[in-house]
Amino acid sequence: MPADDIINPEEMKGQLETELRELLALDAATRTEQAPVDLDQARQGRLSRIDAMQQRAMAQETARRRVRRIAQIEAALARLASGDFGYCMVCDEAINIRRLRHDPAIAFCLDHAH
């Protein structure tokens, strides 16, 4: 079997752990961007408040996506530990190795991807 067709669990684990560390650090670094907006009209003009509220909303959505990705990575690490990594969570068929190399956190084959 060619080396390109074999999953290296340690390589996948390393990729997942690296991304997880980066996401957790980014999450901690961006907490202040998600803080409530000060609506004191004496300190800040109306347009500045609107801009601050939009920035906060974008930061919150980015944080939600980051939390979702962290959960995907943690689930993939659990699948690696249990021996279920690389198999579709619905049909239990092997996931294409190229898909796993692109994103080791993928949990579904192409037929069951949402």
Side-chain angles (χ1 to χ4, degrees):
M1 194 177 275
D4 289 346
D5 294 341
I6 299 172
I7 294 174
N8 179 340
E10 289 304 312
E11 178 185 335
M12 295 291 160
K13 182 179 179 184
Q15 286 179 346
L16 290 164
E17 288 175 341
T18 297
E19 185 178 357
L20 181 60
R21 279 192 305 275
E22 291 170 357
L23 288 170
L24 291 172
L26 188 57
D27 193 50
T30 59
R31 290 266 180 215
T32 58
E33 294 174 4
Q34 301 170 48
V37 176
D38 183 12
L39 298 177
D40 184 1
Q41 294 178 3
R43 293 180 48 203
Q44 194 174 36
R46 181 173 166 259
L47 292 178
S48 294
R49 287 191 315 273
I50 291 170
D51 184 51
M53 289 171 23
Q54 288 175 335
Q55 292 294 326
R56 178 179 179 234
M58 288 189 295
Q60 287 176 325
E61 178 57 29
T62 300
R64 277 191 285 277
R65 290 179 186 181
R66 193 178 306 119
V67 166
R68 194 169 34 248
R69 181 63 181 168
I70 288 169
Q72 289 172 340
I73 292 170
E74 289 172 341
L77 288 168
R79 288 191 304 277
L80 266 167
S82 71
D84 293 327
F85 182 81
Y87 296 96
C88 178
M89 299 294 292
V90 175
C91 66
D92 207 32
E93 292 293 320
I95 298 171
N96 185 296
I97 187 71
R98 286 176 284 173
R99 280 177 52 83
L100 287 171
R101 283 207 177 97
H102 175 73
D103 182 0
I106 286 180
F108 302 101
C109 67
L110 276 177
D111 290 338
H112 297 107
H114 303 185

| said: Could you tell me if the side chain of Phe85 sits less than 4.5 Å from the side chain of Ile7, heavy atoms only? | reply: yes

| query | Going by an N to O cut-off under 4.0 Å, is there a salt bridge joining Asp103 and Arg98? | reply | no

| remark: Smallest heavy-atom separation, Ile95 atom then Cys109 atom, equals CG1-N, 4.0 Å

| Other residues, nucleotides, ligands: >12 heavy atoms within 6.0 Å of Tyr87 OH | no

| field | Asp111 and Val90: CA distance, side-chain angles, deciding distance, side-chain contact (heavy atoms from CB on, under 4.5 Å) verdict | value | CA-CA 9 Å; Asp111 290 338; Val90 175; over 6 Å; no

| remark: Looking only at heavy atoms, the pair that brings Ala63 and Asp27 closest together is CB-OD1, 4.4 Å

| query | At their closest point, which heavy atom of Ala105 faces which heavy atom of Leu16, and how far apart are they? | reply | N-CD2, 3.9 Å

| request: Inspect the contact between Glu10 and Lys13 and indicate whether a charged nitrogen and a carboxylate oxygen are less than 4.0 angstrom apart. | output: no

| Note, Arg66 side chain near Thr62 side chain (heavy atom, < 4.5 Å) | yes

| said: Using side-chain heavy atoms (C-beta onward) and a distance below 4.5 Å, is His112 in contact with Met89? | reply: no

| Does a side-chain heavy-atom distance below 4.5 Å link Leu77 with Leu20? | yes

| Glu61 vs Arg65 side-chain heavy atoms within contact, under 4.5 Å | yes

| Can you name the nearest heavy-atom pair linking Arg79 to Ile106, along with the distance? | NH2-O, 3.4 Å

| said: Are Phe108 and Leu100 linked, directly or through intermediate hydrophobic residues, by side-chain heavy-atom contacts shorter than 4.5 Å (ILVMFWY only)? | reply: no

| Are any non-hydrogen side-chain atoms of Arg56 and Gln60 less than 4.5 angstrom apart? | yes

| task | Nearest 0.5 Å please: distance from the CD atom of Gln72 over to the CG atom of Leu23. | result | 10.0 Å

